[in-house]
Amino acid sequence: MTEVIATNETILVVGGGISGMTAALEAAEAGKDVILLEKRPYIGGRVTQLYKYFPKLCFPTCGLEINQRRLKANPNLRLFTMAEVDEVSGTEGDYSVKVTLHPRYVNENCTACGECAKAVEAEFDDEFNYGLKKRKGAYLPYAMAYPERYVIDPRILGTEDAERAKAACKYDAIDLDMQPEQIELKVGAIIWATGWKPYDAAKIQPYGYDRIENVISSVEFERMMDPFGPTGGKLVRPSDGKPAKNVAFIQCAGSRDRNHLLHCSRICCMASLKQTTYVLDTYGDEAQVSIYYIDIRAIDRFEDFYRKVRGNPQVKFIKSKVARIDKDKATGDPILQGVDTEGYHRYANPHDLVVLAIGMEPSVDRFPVPVVVNREGFIENDPANGGIFAAGCASDALDVNRSVQSATAAALRAIQVVNRVARAEV
Amino acid sequence: MSQDLNTAMVEKYRNDFLKEVEEKVEEGEWVRMCMQCGVCSGSCPLGPYWEHPPQEIFMMIRAGKREEVLSSSSMWMCTSCYNCIVRCPRELPITHIMHGLAHYAKRLGLAPKEQPTMKFAQLFWDNLVKQGRVNELKLGLSLYFMNGFSEGVKTALKMAPVGLGMLKTKRMNPMEMVGGHKVKDLKGFHAMLKKAEEIEAAKIEKQEAEA
Ligand SMILES: Cc1cc2nc3c(=O)[nH]c(=O)nc-3n(C[C@H](O)[C@H](O)[C@H](O)COP(=O)(O)OP(=O)(O)OC[C@H]3O[C@@H](n4cnc5c(N)ncnc54)[C@H](O)[C@@H]3O)c2cc1C
Ligand code: SF4
Ligand code: SF4
Ligand code: SF4
Ligand code: SF4
């Protein structure tokens, strides 16, 4: 049984993405006792699945590495991966939280040598790559995963694969008898940083995401650029592996739409502009990019980035929400059908590949705690939430910069709560 | 009367055609919600044949192109397939606005005179009012002869096999030519229509008075 000592001066952070990491680190570095819970077997959240960050076009790995180092160095911060909150009761300054810790079947002896993965035969859809690739039943979720420790997929338990993995491990790191554990934590304040999920592209019926192979989502496009990703870093078409030189982006795919998400997801205009640079960098003079948009929302300091992309003659901006995508049966080309707003010209444009700039929605459908949420399901900053605060994309569709700002604000609010508790107890 | 109404409306709204549409056209208050994304135009099966697809009509309304909109044949092309409504990201009742505009244009006497949909709608209505039931035989014949006598004979001959088929399967009764089937309470039906006409007339009168 895991013994976790927490008090009502402890701050609990739920979700270990960039926002949760930031909130936890800020509070811990201010001297507070912090527990960080992450559902996945590793921290970093969805930015780990991005290739580059706008607007600087630097690699997210760099910032993640700094945060990992801060985390390792801080004795006030305790991290639990594969952890999920079941229930929260109590009030500000005095919460009781029930948590389930799911078994990893690999203990801290693991050196990430990888022998277990070699020994296992069974393969499953790789979640990190949105199922575009397979991974073994014993795996490291991605190359830079922290904690750097392998995971045994529960689906191989009871099979020969499990025994093979155990036999292959020279460090006695595999424990097939691990069980789920329930723990109860007493904490003073809670920060929800459970982030976002991509809107289900298949729900946008006229775009044929589920019918046309060369129609993909923006999160999948990020994975294609990763040298360890499903295409080994090549920008190619899923249907035939041919280079995707003529790429179309469809903006507001599922956002600003009363049939789908009501809100503007805020980041997808910049995400497409960034992904345009991927195409330009990959294919140089041969690249052709078309961006179909309602209006481009590259807010404040992003305007420069937008201008630069717009200035490139290889990039076309078409003011029109695409009505429908058809598939050219002979070539596999998606054909975009619609009418543009600047002149009302009807078009039927073939492209090699179409990327749907998919919207962001809250990753959690229902929070296991009474919090005030807005129409879109994001947590509101409301006094009725007591000592529960939201950070990052749990509070709104935000980019990394704004997520981190919101995380720092949430940490400050939580610190105020536990400070009040501390004063009352003196 | 329609001429007067038109003049009155021009007087009243002068440069604000959007306001006129909002106040006078059924569901017209939705027009300003349009964000010009183009999905309706791109989704309309009749789109390629329209002079101005719905998105453009909405922009023309905002731009105050009163004559061009109301005398356009575009909104008469709408087949009520509802493709646009289900896809519009702003849930505009586009189909209803199209019908509202067409109806308003007809009331003002601005609808294009030879618009076939409008002519057919009138024939259908006149036919229906007589007996309270649509007389398919008469409606079909008047439709064939809509464009003149010789054209009508040609169309009638071309359509003869369809008509015969309908006769055979009892979908059409040759006795319809003399009298034809009717609703049980024809008098009541006509009284009802008269009442509806009165209500509508009062509404229009009120509008004219306001103007
Ligand atoms: C295509 C695309 C490209 C983008 N590119 C950029 C870019 O270039 N630059 C930029 O600034 N932003 C970009 N963004 C936005 C960026 O991804 C987000 O700002 C960022 O991921 C927000 O981080 P977060 O920690 O709030 O959420 P997340 O990254 O979603 O992290 C949430 C974490 O919480 C965990 N979690 C969820 N539920 C639970 C639970 N119940 N219990 C415990 N843990 C839980 C999750 O596993 C995850 O680890 C892009 C977004 C998209 C869609
Ligand atoms: S579990 Fe054992 S075999 Fe697998 S990576 Fe870790 S140390 Fe190596
Ligand atoms: S950020 Fe751009 S693409 Fe995303 S919802 Fe807003 S306007 Fe549409
Ligand atoms: S689909 Fe709706 S919002 Fe878009 S142009 Fe048509 S009416 Fe306007
Ligand atoms: S309802 Fe009318 S306007 Fe709408 S798509 Fe169908 S035909 Fe076009």
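It should be emphasised that the depicted structure is a prediction, and the values quoted were computed from it without experimental measurement. By convention in this document, chain letters (A, B, ...) are assigned in the order of the sequence lines, proteins followed by strands, and residues within each chain are numbered from 1.
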Side chain proximity check, B/H99 to B/E26, heavy atoms < 4.5 angstrom: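 B/H99 does not reach B/E26 side chain to side chain.
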Beyond-backbone contact of A/K319 with A/Y293, side-chain heavy atoms, under 4.5 angstrom: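 Of all side-chain heavy-atom pairs linking A/Y293 with A/K319, at least one is under 4.5 Å.
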Looking at A/R266 and A/D396, is there a salt bridge between them, counting it only when a charged N and a carboxylate O are closer than 4.0 Å?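 A/R266 and A/D396: salt-bridged.
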Step through it carefully: locate the ring centre of A/F249, locate the ring centre of A/Y292, and say whether they are under 6.0 Å apart.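 No, ring centres 6.0 Å or more apart.
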Contacting moiety of B/C40, where chain A heavy atoms sit under 4.5 Å: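 Answer is neither: B/C40 stays 4.5 Å or more from chain A.
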Side chain, backbone, both or neither: which part of A/R324 has an atom under 4.5 Å from a heavy atom of chain B?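 The side chain, not the backbone.
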Taking every heavy-atom pair that is under 4.5 Å apart, which of B/R87, B/E91, B/E56, B/Q36 has the most such pairs with chain A?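 With the most close heavy-atom pairs to chain A, the winner is B/E56.
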